[in-house]
Each structure stands twice: as structure tokens, then as C-alpha cells.
Amino acid sequence: MVISVQEMGQRAKNVTSQVAMLSLKKRNALLQEMAQALLNQQEDIILANQKDLSEHEQTLSGPMQKRLKLDATAIQDIAGSLRAVAELPDPLAGPYDEWRTHVDLKIIKKIVPLGVVAMVFEARPNVTVDAAALTLKSGNAVILRGGKEASRSNAILATILRQVLTDNQLNPDIIQLITDTSHESVNTLLHMRKFIDVLIPRGSAKFIDFVVANATVPVIETGAGNTHIFVDASANQEEAVRIIHNAKTQKPSVCNSAEKLLIHESIAAEFLPKIGAKLIDSHVELRGDEASRQIESRILPATDLDWDTEYNDLIMSIKIVADTDSAIDWINAHTTHHSETIISETTENVVKFMNAIDAAVVYQNASSRFTDGFEFGFGAEIGISTQKLHARGPMGLSALTTIKYEVFGEGQIKA
């Protein structure tokens with residue numbers, strides 16, 4: 001039986017009390033059972049995933065196919081992420097702030113689940129499990145809507161997770177997957193204020209902009225990653241080459257990979273040939289401004305569009321800048337407020353960069369690939385927020401909670 005998106009919203013709202021009342025012990029036990037269930041059925045998962053890959057191999061880039069692929073190692077990692085979430089502290093446990101007012105009312109500021117969380121995401125089936133794990137651990141119901149590229153993979157993953165809930169005499173609608181991958185299903189979801197407490201989109205800049213512009217439900221914006229690295233004049237150049245190469249090539253399809261490289265003009269003639277050769281040897285296509293192309297002839301000309309593009313591929317654009325102030329101005333004009341990096345040994349420049357750059361995460365002398373829930377110690381992550389309200393940066397369990405005030409009186413009335 002096909003269930004409408006509206007009906008899913010109603011069902012999710014109906015189970016919020018049940019999931020919110022689950023004990024920490026029960027939530028953790030469910031996550032452990034889900035991890036084992038995925039391992040037990042990994043052959044079926046891999047088969048479904050291979051069908052997705054086969055259907056979309058002509059339309060997806062190599063990096064995007066890697067994001068979509070589920071093999072035995074990937075499933076082990078996903079199961080491990082479930083177990084890691086089970087080991088995390090209870091995000092609902094407090095301690096809670098507590099005080100008494102001037103009329104002796106006792107007030108407790110309690111941490112509670114958001115309620116119904118909706119996730120809309122593209123070709124990354126691991127998000128199906130990560131989102132389900134984090135919402136369950138934080139006492140929320142979740143509605144998942146993945147991309148068509150991973151439809152079979154998402155369906156079998158959700159079915160396995162829901163079966164664990166059923167086996168434990170719980171309503172499987174705590175976790176729901178929208179199988180309709182049409183634009184209409186997203187449009188419906190964006191306007192379900194009656195049922196959805198927050199919607200989290202993950203995907204391309206164009207997709208996220210569409211969600212933010214059209215949703216009437218509350219949205220946590222997970223921005224695209226037009227991520228910059230600025231190499232200052234004082235940078236340790238060998239260290240800089242390692243960092244840039246890692247940030248660009250280690251996993252180019254993700255939002256925390258580096259897309260743009262800014263180099264201080266005083267070291268450009270020395271440094272650019274080093275990093276250019278390293279990146280080109282790793283099959284990175286380089287695009288750049290005229291100054292960079294005068295130094296390295298293999299750099300292609302960058303267009304105005306390049307400076308604002310998240311490639312998610314082995315492509316990087318390069319610009320020569322006059323100083324730290326120029327780098328800051330350029331980055332703030334083109335950033336998606338995700339992750340930005342300075343490679344420098346000059347404290348004054350680092351402090352200026354840290355204070356002036358408007359991004360969720362700002363690095364000194366480290367790869368932007370560390371912008372990740374696991375790397376920050378949050379366990380699996382629900383996304384990386386580039387907004388400033390409620391949650392910012394890698395979002396773990398606490399981002400899926402809110403507060404309510406419990407007030408206890410003894411007959412007090414307002415004078």
C-alpha cells in the first residue's frame with residue numbers, strides 16, 4: 001500500500017510521544033540491534049545498491065558513484081556508526097538549569113526532542129541510517145526522502161531499521177521513508193507545518209537554495225561547501241602541500257573538500273609550482289586567474305562562475321592575493337559559510353582570519369576534511385549547518401533537541 005506524504009506526516013506526529021518516552025537503555029539497545037541487522041542482511045543491501053549503481057552509472061560522476069556505493073566495508077562502517085551513536089551520552093539527560101523566581105515558582109529548563117524531523121538528501125544512502133540513528137537516539141520521529149539515484153538502497157535500509165522497531169513491539173513509523181522521488185513529494189514535504197517540526201536538506205547548493213526559498217516548515221540550512229584555503233606568506237610550504245592535497249583529493253565529492261586555493265603573492269612563484277605539480281599528478285584540473293596562469297601554464301582560465309562553484313570533483317580554482325586582508329575579503333565575498341582555512345605561522349594573521357571569516361568552521365594549518373561529526377566527537381552527524389540560529393557547524397545529537405520550561409507552583413497567582 002502506497003502511503004501519501006501527508007499521511008506519513010500524520011503518522012510521524014502520532015508516534016512522537018512513544019519515541020520520546022523510550023528509555024536511554026531501550027534507545028541504545030535498538031541502535032545495537034539495527035547495526036547487527038544491517039550486517040546480517042548485507043548481501044541484500046549490496047544487491048539493491050548494485051542495481052542503483054547500474055541504473056545511474058551513465059549520469060553520475062565518478063566521485064558521486066563512490067558516494068552512492070555500498071560494499072561490505074561501507075556497511076561495516078554504517079553499522080559502526082550506529083554502535084558509536086549508542087555509546088554517546090543521552091542528549092536528553094541534562095543536567096537541567098533549575099531556579100526559583102521572586103514568587104517562589106520552581107522553573108526547570110528541560111531538554112526535549114524536536115518532535116518530527118524531516119530529512120531530504122541526495123545520493124548518499126548512509127545518510128538514511130545516520131539520520132535514523134541520531135533522531136532515534138534524541139527521541140525524535142523521522143521522515144526521510146532520499147534521491148532517486150539511491151532509491152533501492154534507501155528502501156532496503158529503511159525496511160531493515162523499521163523491522164527492528166516492529167520486532168521490539170514499537171511503531172515502525174518512528175522511521176519512515178518517502179519512496180516517491182518526484183519533485184512533488186519534496187514540494188509537499190516543504191509545506192507540512194502541521195506535522196513537521198524541522199526539515200534538514202542535504203545536497204547541492206542549488207537544491208538547498210530551493211528548499212530554503214520554498215519551505216514554509218522550519219529549515220536548518222546545511223550549506224554547500226565552496227571551501228577555500230589561503231596560503232599565507234609565512235606558511236610551512238611542505239605542510240601546506242600535504243594539507244591542500246588531502247583537502248582536495250582525499251574525497252572530492254563531499255562538502256568539506258577544498259574547492260578554491262588562495263596564495264599570497266610574495267610566495268606564489270615559489271609555492272604554486274609545488275602544489276600545482278602535486279595536484280595535477282593526482283588528476284586535479286586546475287583553473288585560475290591570470291596571475292596564477294603566468295606562473296603555471298597548465299592552469300586553465302577561471303570564469304566568474306568558477307569562484308562561486310562547488311565542484312564536488314577533482315577540480316580546483318586558484319587565485320593570487322596581495323595579503324591576508326585581501327584573502328579575507330575574497331573569501332567572505334564567495335564563501336558558503338561552511339569551512340575555511342588559513343595556512344600560516346603568523347599569529348597576527350591567524351587571529352585576524354579567525355575573527356573576520358564568516359564560516360561555521362575556520363581552520364589554521366589543518367585539512368577542511370575534518371569538518372565532520374565523527375571527527376568533532378559527535379558520533380554520526382545529521383548535517384553541517386551553515387546558518388547561525390539554533391545549530392551551526394557539524395550537527396550531532398544536541399542539534400536535534402530543543403527546550404521547554406516546566407514550572408511548579410503552590411497556588412501562586414499574578415498580582
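Keep in mind that this is a model prediction, so the values were computed, not measured.
- Ile220 approaches Ala399 most closely through the heavy-atom pair CD1-O, 4.4 Å.
- A donor-acceptor distance shorter than 3.5 angstrom exists from the side chain of Thr336 to the backbone of Asn226, with no hydrogens or angles considered.
- Between the side chains of Asn28 and Lys137, at least one donor N or O lies within less than 3.5 Å of an accepting N or O.
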Is there a side chain to side chain contact (heavy atoms under 4.5 Å, CB included) between Arg202 and Arg124? Walk through the geometry before answering.
CA-CA 10 Å; Arg202 289 179 62 169; Arg124 292 186 67 179; 3.6 Å; yes
Quick one, Ile75 with Leu39, criterion side chain to side chain contact (heavy atoms under 4.5 Å, CB included). Give me CA distance, side-chain angles, the key distance, then yes/no.
CA-CA 7 Å; Ile75 295 168; Leu39 295 175; 4.3 Å; yes
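- Judged by distance alone, the side chain of Asp130 and the main-chain N or O of Ile382 form no donor-acceptor pair under 3.5 Å.
- Using a cut-off of 4.0 Å between Lys/Arg side-chain N and Asp/Glu carboxylate O, Asp308 and Lys206 are scored as not salt-bridged.
- With Gln176 contributing its side chain and Ile143 its backbone, the two residues share no donor-acceptor pair below 3.5 Å.
- In this structure, a donor-acceptor pair under 3.5 Å is absent between the side chains of Lys69 and Asn49.
- Looking only at side-chain heavy atoms (C-beta outward), Pro172 and Gln163 stay at 4.5 Å or farther from each other.
- Using a 4.5 Å heavy-atom threshold, the side chains of Phe408 and Leu105 count as separate.
- Taking 4.5 Å as the limit, some side-chain heavy atom of Met354 sits within range of a side-chain heavy atom of Gln364.
- Minimum interatomic distance between Pro91 and Ser138 (heavy atoms only, all atoms of both residues): CG-CA, 3.9 Å.
- A salt bridge does not link Glu406 with Lys109: none of the charged nitrogens is closer than 4.0 Å to a carboxylate oxygen.
- A donor atom on one side chain and an acceptor atom on the other are found under 3.5 Å apart for Asp52 and Ser153.
- In this structure, OG1 on Thr135 lies 9.5 Å from CG on Leu397, to the nearest 0.5 angstrom.
- With respect to Glu7 and Arg11, a salt bridge is recorded, a charged nitrogen being found less than 4.0 Å from a carboxylate O.
- For the salt bridge (charged side-chain N to carboxylate O under 4.0 Å, His left out) condition, the pairs that include at least one residue of residues 336-354, sequence neighbours left out, are Asp325-Lys352.
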As a quick check of understanding, evaluate side chain to side chain contact (heavy atoms under 4.5 Å, CB included) for Ile200 and Val219, giving each step before the final call.
CA-CA 6 Å; Ile200 304 172; Val219 174; over 6 Å; no
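- We find that Glu410 and Lys106 are not joined by a salt bridge, their nearest charged nitrogen and carboxylate oxygen being 4.0 Å or further apart.
- Defined by atom type and a distance below 3.5 Å, a donor-acceptor pair is present between the side-chain atoms of Asp306 and Thr303.
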Any chance you could lay out the salt bridge (Lys or Arg N to Asp or Glu O under 4.0 Å) test for Asp358 and Arg392, step after step, and finish with the verdict?
CA-CA 12 Å; Asp358 183 13; Arg392 198 178 197 198; 3.0 Å; yes
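- Remark: the Ser367 side chain and the Asn246 side chain contain an N/O donor-acceptor pair separated by less than 3.5 Å.
- One side chain, Thr346 or Ser234, offers a donor N or O that lies under 3.5 Å from an acceptor on the other.
- Of the N and O atoms on the side chains of Ser344 and Asp232, at least one donor lies less than 3.5 Å from an acceptor on the other residue.
- Counting heavy atoms from C-beta on, the side chains of His334 and Lys260 never come closer than 4.5 Å.
- Between Gly147 and Arg145, the shortest heavy-atom contact is CA-NH1, 4.2 Å.
- For the 3.5 Å distance criterion, the side chains of Asp289 and Ser292 qualify, holding a donor opposite an acceptor.
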Kindly indicate, with the supporting measurements, whether the criterion side chain to side chain contact (heavy atoms under 4.5 Å, CB included) is fulfilled by Leu136 and Asn140.
CA-CA 6 Å; Leu136 176 60; Asn140 294 284; over 6 Å; no
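- There is a side-chain donor-acceptor pair under 3.5 Å between Tyr363 and Thr371.
- The heavy-atom pair separating Val112 from Ile403 by the smallest distance is CG2-C, 4.1 Å.
- Classified by interplanar angle (parallel below 30°, tilted 30° to 60°, perpendicular above 60°), the ring pair Tyr405/Trp99 is perpendicular.
- A salt bridge links Asp173 with Arg162; the closest basic N to acidic carboxylate O contact falls under 4.0 Å.
- Put simply, the side chain of Val142 does not reach to within 4.5 Å of the side chain of Ile174, judged on heavy atoms.
- Nearest heavy atom pair, residue Phe370 against residue Glu375, reads O-CB, 3.4 Å.
- Closest non-hydrogen pair, Val254 versus Glu310, comes out as O-OE2, 4.4 Å.
- With hydrogens and angles ignored, the 3.5 Å screen pairs a side-chain donor or acceptor of Glu259 with a backbone N or O of Tyr311.
- With respect to Asp90, the salt bridge (Lys or Arg N to Asp or Glu O under 4.0 Å) criterion is satisfied by exactly one of Lys25, Arg27, Lys26: Arg27.
- Rounding to the nearest 0.5 angstrom, the gap separating the NE2 atom in His264 from the CZ atom in Phe230 is 5.5 Å.
- The closest donor-acceptor contact from the side chain of Asp313 to the backbone of Ile315 lies at 3.5 Å or more, if one exists at all.
- Donor-acceptor pairing under 3.5 Å is recorded for the side chains of Asn168 and Glu33.
- Judged by distance alone, with hydrogens and angles left aside, the side-chain atoms of Ser54 form no donor-acceptor pair with the main-chain N or O of Lys51 at under 3.5 Å.
- The closest donor-acceptor contact from the side chain of Ser257 to the backbone of Ser253 lies at 3.5 Å or more, if one exists at all.
- Just one of Ile78, Leu165, Val129 meets the side-chain contact (heavy atoms from CB on, under 4.5 Å) condition when paired with Met34; it is Leu165.
- Between the side chains of Asp329 and Ser326, not a single donor N or O lies within less than 3.5 Å of an accepting N or O.
- One N or O on the side chain of Ser385 and one on the backbone of Ala391 form a donor-acceptor pair closer than 3.5 Å.
- Residues Met119 and Val127 form a side-chain contact, since some pair of their non-hydrogen atoms from C-beta on lies under 4.5 Å apart.
- Panel note: side chain Thr335, backbone Asn332; no donor-acceptor pair is recorded below 3.5 Å.
- Under a 3.5 Å cut-off, the side chain of Glu98 and the backbone N or O of Ile108 do not form any donor-acceptor pair.
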